[in-house]
Amino acid sequence: DVLRGFNVTPTYTATSAPFLTANATTVGNGKLRIESVAVTTTNIAEGQNNVLLGKFKFVAEGEPVNITRMGLNFVFTTSTATTYVTDVTNVSLKDAAGTSVISGVDPASDACSAAAKCGTATSTDTVSVPVGETIYSVYGNLSTDWTANDTIQVGIFPAIITAKGDVSGNTITPTPS
């Protein structure tokens with residue numbers, strides 16, 4: 001009984017086992033949707049630890065989803081040529097209770113455009129997303145190399161997500177992809 005959260009074992013009073021001749025049934029995949037959540041723009045002093053950098057809503061449908069690889073994409077707008085990827089460290093993803101589900105990941109340099117500086121922090125920690133909506137927040141430590149008006153944007157990199165349904169074991173491609 002899925003509604004009440006327990007299994008039901010039927011009993012039979014007949015002397016022979018009952019059976020059902022039915023059409024083939026195919027178990028489908030669960031679904032995973034990831035959306036950004038607005039974070040208030042704030043001024044942050046350089047050299048701070050555990051700074052909120054972004055928030056995301058994960059929506060799992062049909063079954064819990066286990067993510068075994070995830071990329072967090074960073075875009076840095078800085079006034080100096082040397083400030084960016086190595087100046088954000090110890091990136092973590094935390095649930096609403098503040099528990100780290102991904103921790104201690106440092107971004108690596110990426111090429112994204114001539115005007116921007118980019119990096120991706122890739123984790124192979126397993127994140128178990130329960131059915132329903134779950135908010136996860138991205139935190140990181142900032143070096144003392146930042147200057148006024150530098151910005152950090154963080155996103156989820158769908159191409160670097162490996163996810164499987166907890167019940168079906170089937171691969172799930174998150175949306176948007």
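As the structure is a prediction and not an experimental result, all values here were calculated from the model. The first residue in the sequence is number 1, and the count goes up from there. Computation of the quantities below employed the complete heavy-atom set of this structure, encompassing side-chain atoms and omitting hydrogens, waters and symmetry-equivalent molecules.
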**Q** Would you say that Phe76 contacts Asp150 through its side chain, given a criterion of any heavy-atom pair below 4.5 Å between the two side chains?
**A** no

**Q** Judged by atom type as modelled, is there a donor-acceptor pair below 3.5 Å linking the side chain of Asn49 to the main-chain atoms of Gly140?
**A** no

**Q** Counting distance only, does the side-chain N/O of Glu35 pair as donor-acceptor with the main-chain N or O of Lys57 below 3.5 Å?
**A** no

**Q** Does Val138 share a hydrophobic cluster with Ile44, counting links as ILVMFWY side-chain heavy atoms below 4.5 Å and allowing steps through other members?
**A** yes

**Q** Might you point out which heavy atoms bring Gly104 and Asn90 nearest each other, and give the distance in Å?
**A** CA-OD1, 3.0 Å

**Q** Looking only at side chains, do Lys164 and Thr68 share a donor and an acceptor under 3.5 Å apart?
**A** no

**Q** May I ask you to test the Phe56-Val37 pair for a side-chain heavy-atom distance under 4.5 Å?
**A** no

**Q** On a heavy-atom basis, which atom in Leu52 and which in Ser137 lie closest, and how many Å separate them?
**A** CD1-CB, 3.7 Å

**Q** Supply the atom-to-atom distance Asn149 CG to Asn43 CG, rounded to the nearest 0.5 angstrom.
**A** 8.0 Å

**Q** If we ignore angles and hydrogens, is there a donor and acceptor under 3.5 Å between the side chains of Ser143 and Asp87?
**A** yes

**Q** Is there a continuous path of hydrophobic side-chain contacts, each under 4.5 Å between heavy atoms, that joins Val129 to Ile160?
**A** no

**Q** What is the minimum heavy-atom distance between Ser103 and Ser92, and which atoms define it?
**A** CA-CB, 3.9 Å

**Q** With sequence neighbours excluded, what pairs up with Thr40 under the side chain to side chain donor-acceptor pair (under 3.5 Å) test?
**A** none

**Q** Quick check: closest heavy atoms across Ala108 and Val85, and the distance to 0.1 Å?
**A** C-CG1, 3.8 Å

**Q** With sequence neighbours excluded, tell me which residues meet side-chain contact (heavy atoms from CB on, under 4.5 Å) with Asp106.
**A** Thr89

**Q** Would you tell me whether Asn50 and Lys94 have side-chain atoms, one donor and one acceptor, within less than 3.5 Å of each other?
**A** yes

**Q** Is the side chain of Gln48 donor-acceptor paired with the backbone N or O of Leu142 at a distance under 3.5 Å, no angle test?
**A** no

**Q** Got a second to check how far Leu93's CG is from Ile156's CD1, nearest 0.5 Å?
**A** 6.5 Å

**Q** Report yes if the side chains of Thr122 and Val105 come closer than 4.5 Å at any heavy-atom pair, otherwise no.
**A** no

**Q** Does Asn170 offer a backbone N or O that forms a donor-acceptor pair with the side chain of Ser168 under 3.5 Å?
**A** yes

**Q** Could you tell me which residues satisfy salt bridge (charged side-chain N to carboxylate O under 4.0 Å, His left out) with Glu61, sequence neighbours excluded, listed by chain and number?
**A** Arg33

**Q** Should Ile161 and Ile67 be marked as a side chain to side chain contact (heavy atoms under 4.5 Å, CB included) after you check the CA-CA gap, both sets of side-chain angles, and the distance that decides it?
**A** CA-CA 7 Å; Ile161 290 181; Ile67 299 171; 4.2 Å; yes

**Q** For Ser128 versus Asn66, what's the shortest heavy-atom pair and its separation?
**A** OG-OD1, 2.9 Å

**Q** If the condition is ring pair (Phe, Tyr, Trp, His ring centres under 6.0 Å), which residues does Tyr139 pass it with, not counting sequence neighbours?
**A** none

**Q** Hey, any chance Val131 and Leu32 share a hydrophobic cluster, counting ILVMFWY side chains that come within less than 4.5 Å of each other, even indirectly?
**A** no

**Q** With sequence neighbours left out, which residue pairs that include part of residues 158-177 fulfil the ring pair (Phe, Tyr, Trp, His ring centres under 6.0 Å) condition?
**A** none

**Q** Classify the side-chain pair Thr77/Thr151 by whether it contains a donor and acceptor separated by less than 3.5 Å.
**A** yes

**Q** Quick one: list whatever passes salt bridge (charged side-chain N to carboxylate O under 4.0 Å, His left out) with Arg69, sequence neighbours left out.
**A** none

